[in-house]
Amino acid sequence: MAGLVLLLVGLVTAGGLYTALAPAQAQDSDTLAIEVEKGRELFLVGCSSCHGLNGEGVSTLDGNNLGPSLVGVGAAAVDFQVGTGRMPMAQPGAQAPRKPVTYSEEETAQLAAYVASLGPGPAIPDESDYSIEGLDDDAKEAAVVRGGQIFLTNCTACHNFEGSGGAMPRGGYAPSLDGVESKYIYEALLTGPQNMPSFSNGNLAPEEKRDVIAYLKSLEEQPGYGGFGMGGLGPVTDGVFAWLVGIGGLVAFAIWIAAHTTRSKKKKVTS
Ligand code: HEC
Ligand code: HEC
């Protein structure tokens, strides 16, 4: 009898647990399917002309791409490209520039869900991935210092040491990083838009990405200490300025003195 009761209790709890948990899962996959379906509809209207009806990309006769394949670029790439207004691209060109955003946050999420369903790729990062808010002051400072070192070795070649950007080959450019939201910095690192290399988590660990972001945010908080910024190009423009204006002024002044001393006047009189 006891064995039978135990069996019954076991069955009832198992069944109860199942009904408690299973519908939630089914609902989750349902909402995901709806997201993907809505994303697909948006994609067909706004993106398929360049990226193909199934995101496979469209190649032109001369072997170029109207738009690359999006299989496996992941939700992070869509969130970055659409969230910063780069996509939908207005017309093919050397570089898709940042511009006002066309899609709402909800629509962007739907597009991202659709593209993510095409193949596995990096997911949209969480705030806990790129925020240093949870750390104490010392740890925050250490993160900024480490981030500065990572930035100097990995990013300055293209983005300049102040993050103010620079020119790239074939009409492209690396944009200024001033004011770019943390999430988009993280996604740019993960997905490597256009001419930028991607820094996968194997290359640059998630904490290192977080530190770089902390460094860039610390640059934004730094006040300008007066005077001319001179493009933030550092020692080069400072040096040119010192040579041309500073030393040039001194040389001009020296010539002026030489031409106006009493001795040079006297010489003129006696000769
Ligand atoms: C006018 C053509 C055009 C349209 C329309 C367009 N794209 Fe693109 N897309 C491109 C091109 C070209 C690139 C490659 C950019 C580059 O590498 O210079 C690209 C790149 C991308 C990438 C980055 C892929 C990667 O490898 O990281 C994503 C994601 C993307 N597009 C999503 C979209 C979405 C979503 C839409 C619709 C809302 C869209 N695009 C509309 C032309 C287009
Ligand atoms: C080889 C050159 C190169 C290197 C190295 C590079 N970037 Fe970039 N980066 C670019 C280019 C080019 C773009 C513009 C891509 C575009 O417009 O889609 C870009 C775009 C970005 C953006 C997006 C800015 C915006 O306006 O939305 C961020 C953020 C960024 N880079 C951060 C970094 C960081 C941090 C590093 C170092 C870990 C780095 N990049 C290294 C070339 C580079």
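Throughout, residue positions are numbered sequentially from 1 according to the sequence presented. Atoms within a ligand are numbered from 1 in the order they appear, just like the ligands themselves.
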(request) Specify the protein heavy atom at minimum distance from atom 5 (C) of ligand 2: its residue, its atom name, and the distance to 0.1 Å. (result) Asn154 O, 3.3 Å
(message) Apply salt bridge (Lys or Arg N to Asp or Glu O under 4.0 Å) to residues Glu35 and Lys38 and explain how you reach the verdict.
(response) CA-CA 5 Å; Glu35 286 265 285; Lys38 282 192 179 148; over 6 Å; no
(request) Using 2.8 Å as a strict upper limit, say whether an N, O or S atom of His51 approaches atom 8 (Fe) of ligand 1 that closely. (result) yes
(message) Contact between ligand 1 and Pro68 is defined here as a heavy atom of the residue under 4.0 Å from a ligand atom; is it met?
(response) yes
(request) Assess His159: does it contribute an N, O or S atom lying under 2.8 Å from atom 8 (Fe) of ligand 2? (result) yes
(message) Can you report which non-hydrogen protein atom sits closest to atom 25 (C) of ligand 1, along with the distance?
(response) Val73 CG1, 3.7 Å
(message) Within the structure provided, determine whether Asp129 and Pro206 are in side-chain contact (heavy-atom separation under 4.5 Å).
(response) no
(message) Test of understanding: given a 4.0 Å heavy-atom threshold, classify the contact between Phe199 and ligand 2 as side chain, backbone, both, or neither.
(response) side chain
(message) Using a 4.0 Å cut-off to any heavy atom of Ala77, which atoms of ligand 1 qualify?
(response) 27 (O), 29 (C)
(message) Heavy-atom pairs closer than 4.0 Å: do any link ligand 2 to the side chain of Cys155, the backbone, both, or neither?
(response) both
(request) Looking only at distances, please establish whether an N/O atom of ligand 2 is found under 3.5 Å from an N/O atom of Arg86. (result) yes
(request) Starting from atom 28 (C) of ligand 2, locate the nearest protein heavy atom and write down its residue, its atom name and how far away it is, to 0.1 Å. (result) Leu177 CD2, 3.4 Å
(request) Mark up the atoms of ligand 1 that fall under 4.0 Å of a heavy atom belonging to Cys50, in ascending order. (result) 1 (C), 2 (C), 3 (C), 4 (C), 5 (C), 42 (C), 43 (C)
(message) Could you identify the single nearest non-hydrogen protein atom to atom 23 (C) of ligand 2 and state the distance to 0.1 Å?
(response) Phe80 CZ, 3.7 Å
(message) Less than 4.0 Å is my threshold; does some heavy atom of Ala96 fall inside it relative to ligand 1?
(response) no
(message) Please work out, at 4.0 Å between heavy atoms, whether the side chain, the backbone, both, or neither of Leu189 comes within that distance of ligand 2.
(response) side chain
(request) Could you name the option among Met196, Glu107, Gln194, Met89 that has the heavy atom nearest to atom 18 (O) of ligand 1? (result) Gln194
(request) Compute the shortest N/O to N/O distance between Arg98 and ligand 2 and return yes if it is under 3.5 Å, no if not. (result) yes
(request) Measure from atom 36 (C) of ligand 1 to every heavy atom in Ala112, Cys47, Gly74 and give the option owning the shortest one. (result) Cys47
(request) Name the orientation class of the two ring planes belonging to Tyr215 and Phe151 (parallel below 30°, tilted from 30 to 60°, perpendicular beyond 60°). (result) tilted
(request) Any atoms of ligand 2 less than 4.0 Å from a non-hydrogen atom of Cys158? List them with their elements. (result) 1 (C), 2 (C), 3 (C), 4 (C), 5 (C), 42 (C), 43 (C)
(message) Side chain, backbone, both or neither: which applies to Tyr103 and ligand 1 if a contact is any heavy-atom pair less than 4.0 Å apart?
(response) side chain
(request) Could you see which bit of Leu66 sits under 4.0 Å from ligand 1, with heavy atoms only: side chain, backbone, both or neither? (result) backbone
(message) To check your reading of the model: name the closest protein heavy atom to atom 13 (C) of ligand 2, its residue, and the distance in Å.
(response) Pro175 CD, 3.4 Å
(message) For Val115, which part has a heavy atom under 4.0 Å from ligand 1: side chain, backbone, both, or neither?
(response) neither
(request) Run the numbers for me: atoms of ligand 2, each under 4.0 Å from some heavy atom of Asn195, listed by number. (result) 1 (C), 12 (C)
(message) Regarding atom 22 (C) of ligand 2: of the candidates Ala188, Ala174, Ser198, which has the closest heavy atom?
(response) Ala188
(request) Run the numbers for me: atoms of ligand 2, each under 4.0 Å from some heavy atom of Val212, listed by number. (result) 35 (C)
(request) For atom 8 (Fe) of ligand 1, decide whether Met87 has an N, O or S atom at a distance under 2.8 Å. (result) yes
(request) Measure from atom 32 (C) of ligand 1 to every heavy atom in Leu190, Thr108, Thr102, Leu70 and give the option owning the shortest one. (result) Leu70
(message) Quick test: of every protein heavy atom, which one is nearest to atom 12 (C) of ligand 2, and how far off is it to 0.1 Å?
(response) Tyr173 O, 3.5 Å
(request) Report yes if some N/O of Gln95 lies less than 3.5 Å from some N/O of ligand 2; otherwise report no. (result) yes
(message) Regarding ligand 2, does Tyr184 bring an N or O atom to under 3.5 Å of one of the ligand's N or O atoms?
(response) no
(request) Identify the protein heavy atom lying closest to atom 15 (C) of ligand 2, giving its residue, its atom name and the separation to 0.1 Å. (result) Pro193 O, 3.7 Å
(request) Name the closest protein heavy atom to atom 41 (C) of ligand 1, giving the residue it belongs to and the distance to 0.1 Å. (result) Pro88 CA, 3.5 Å
